[in-house]
Amino acid sequence: MPFSLAVLRVPLLSFSSPAKNLRMSRTRLSSRSLPSEAQNPNPELNPGSDGSDGIAGLGIRGYAGKKRVKRMIEINAENPEGEARDQKIDHLPDIEEFAYNKAKATKTSSKVKLASALPVGMDKRTDLSIVPKVEPPTNWEEVLEGIKKMRSSEEAPVDSKGCEKAGILLPPKERRFAVLVSSLLSSQTKDAVTHGAVQRLTEKGLLDADAIVKTDEASMASLIYPVGFYLRKAHYIKKVAEICLEKYDGDIPSSLDELLALPGIGPKMAHLVMNVGWNNVQGICVDTHVHRICNRLGWVSRPGTRKKTLTPEETRVSLQTWLPKDEWVLINPLLVGFGQTICTPLRPRCGICGINKLCPSAFMETASPSSKAKKSSPIKRS
DNA sequence: TTCCTGCTTT
DNA sequence: AAAGCCGGAA
């Protein structure tokens, strides 16, 4: 085991000011050289582990600015392969190979039913061949390139503190669990806050299912505070840990449906975990940023119409009908970072945006997105 | 006010 | 479809 599993019982604290009790001994994780495929229990599920960290690292390597590369090299200082890995940037693993290779999961949960009842025509969300072929948006490649350029010149929170980065120095199984917990914590929470919470859990060895079930909910809540909805999430984390321990031998589920069946795990997190946790691309991870930006760009629409999509799930399905699968994984960190720094939800910085000439929504949003922008859809405009 | 890499329940 | 969860920051 890479770190001590000693369970620290944290006294129940009042939540009025829990933060001050959170700082304790800062035992640094042993960042020794890590085995990759050597300890990978499911090598067939991790074809990306060619000595690299697979897709999980792409969020880091793909759009790394100089600062970040430097930081990664620092982090990997004790890892002999570290620097070498950082050189191999912008290399896409062959995700086609294992995109459709997963066996069907048990579909017993109500959530699964909900998921497949979503506005699709593509049940099981894997077989795109039955979806009517949609013409890709004009200039989409140029737009994508422009965004990539902007992303490489400015560092975004997601680059250093996103879920993709969670547990990057851990062995596969621990890393997967870290990605799952990190995702769970990330919703409605700034990356820096999520990162801090994960850090505290890591220091206490609480990214391990076995350790989590032995920790009471209040302690968990105080540790992850102040992430959004921390009480609920503390509850979910414990439930998830119990399920993982019982059904998956302490590992996380390896199929989309089984992930969706976990409490507190919805489509956004499930796809993220599949993508960066299992290197198994079943769909695009669409969060609020991807949802917003795709609509601003006119990249997605309600089926058969030119109206904006109403939900992230609708966006995901629409985007998947035309975006080449090569881009499915990278589109998330790309647009999330873009959304954090430039194409912000409120008052997007169109003035400094390198693709404002190509964006149908550029300089259009004077009021809040909910009030005005809703009526004048970017793709409907003449 | 609106948002933060949402999900669950009504 | 909409409310509720959580609290803080811009």
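In this text, all values refer to a predicted model and were calculated from it rather than measured experimentally. The figures here come from the full heavy-atom set of this structure, side chains too, leaving out hydrogens, waters and symmetry mates.
- Between A:Q188 and C:dC6 there is no side-chain polar atom (N or O) within less than 4.0 angstrom of OP1 or OP2.
- In terms of phosphate contacts, A:R292 brings no side-chain nitrogen or oxygen within less than 4.0 Å of OP1 or OP2 of B:dT2.
- OP1 or OP2 of C:dG7 sits under 4.0 Å from a side-chain N or O of A:Y230.
- DNA chain B lies under 4.0 Å from at least one heavy atom of each of the following residues of residues 284-291 of chain A: A:D287, A:T288, A:H289.
- In the set B:dT5, B:dG6, B:dC4, the nucleotide with an atom closest to the side chain of A:P345 is B:dC4.
- Residue A:L180 contributes atom CG, which lies 18 Å from atom P of B:dT5 at whole-angstrom precision.
- Backbone-only contact: A:K190 has heavy atoms under 4.0 Å from sugar-phosphate atoms and none from a base.
- Looking at heavy atoms from C-beta onward, A:M220 lies in side-chain contact with A:I212 at the 4.5 angstrom threshold.
- Rounded to an integer number of Å, the gap from A:F338 CZ to B:dT5 C1' is 16 Å.
- Looking at A:W140 and A:L297, their side chains never come closer than 4.5 Å, going by heavy atoms from C-beta outward.
- Rounding to whole angstrom units, CD of residue A:E217 and C1' of C:dC5 are separated by 14 Å.
- Residues meeting the side-chain hydrogen bond (donor to acceptor under 3.5 Å, both in side chains) test with A:T315, sequence neighbours left out: A:H291, A:T309.
- Comparing B:dT2, B:dC4, B:dT5 by their closest approach to the side chain of A:L346 singles out B:dT2.
- Counting only heavy atoms from C-beta outward, the side chains of A:K165 and A:H195 approach each other to under 4.5 Å.
- The closest donor-acceptor contact from the side chain of A:K238 to the backbone of A:V213 lies under 3.5 Å.
- In this structure, the CD1 atom of A:I293 is 14 Å from the C1' atom of B:dC3, given to the nearest Å.
- Between A:Y225 and C:dG8, a side-chain N or O to OP1/OP2 separation shorter than 4.0 Å is present.
- With centroids closer than 5.5 Å and planes inclined by less than 30 degrees as the test, A:F229 and the base of C:dC5 pass as a stacked pair.
- With contacts defined as side-chain heavy-atom distances shorter than 4.5 Å, the pair A:I284/A:L335 does not qualify.
- Within the 4.5 Å cutoff, side-chain heavy atoms of A:V240 are placed close to those of A:P263.
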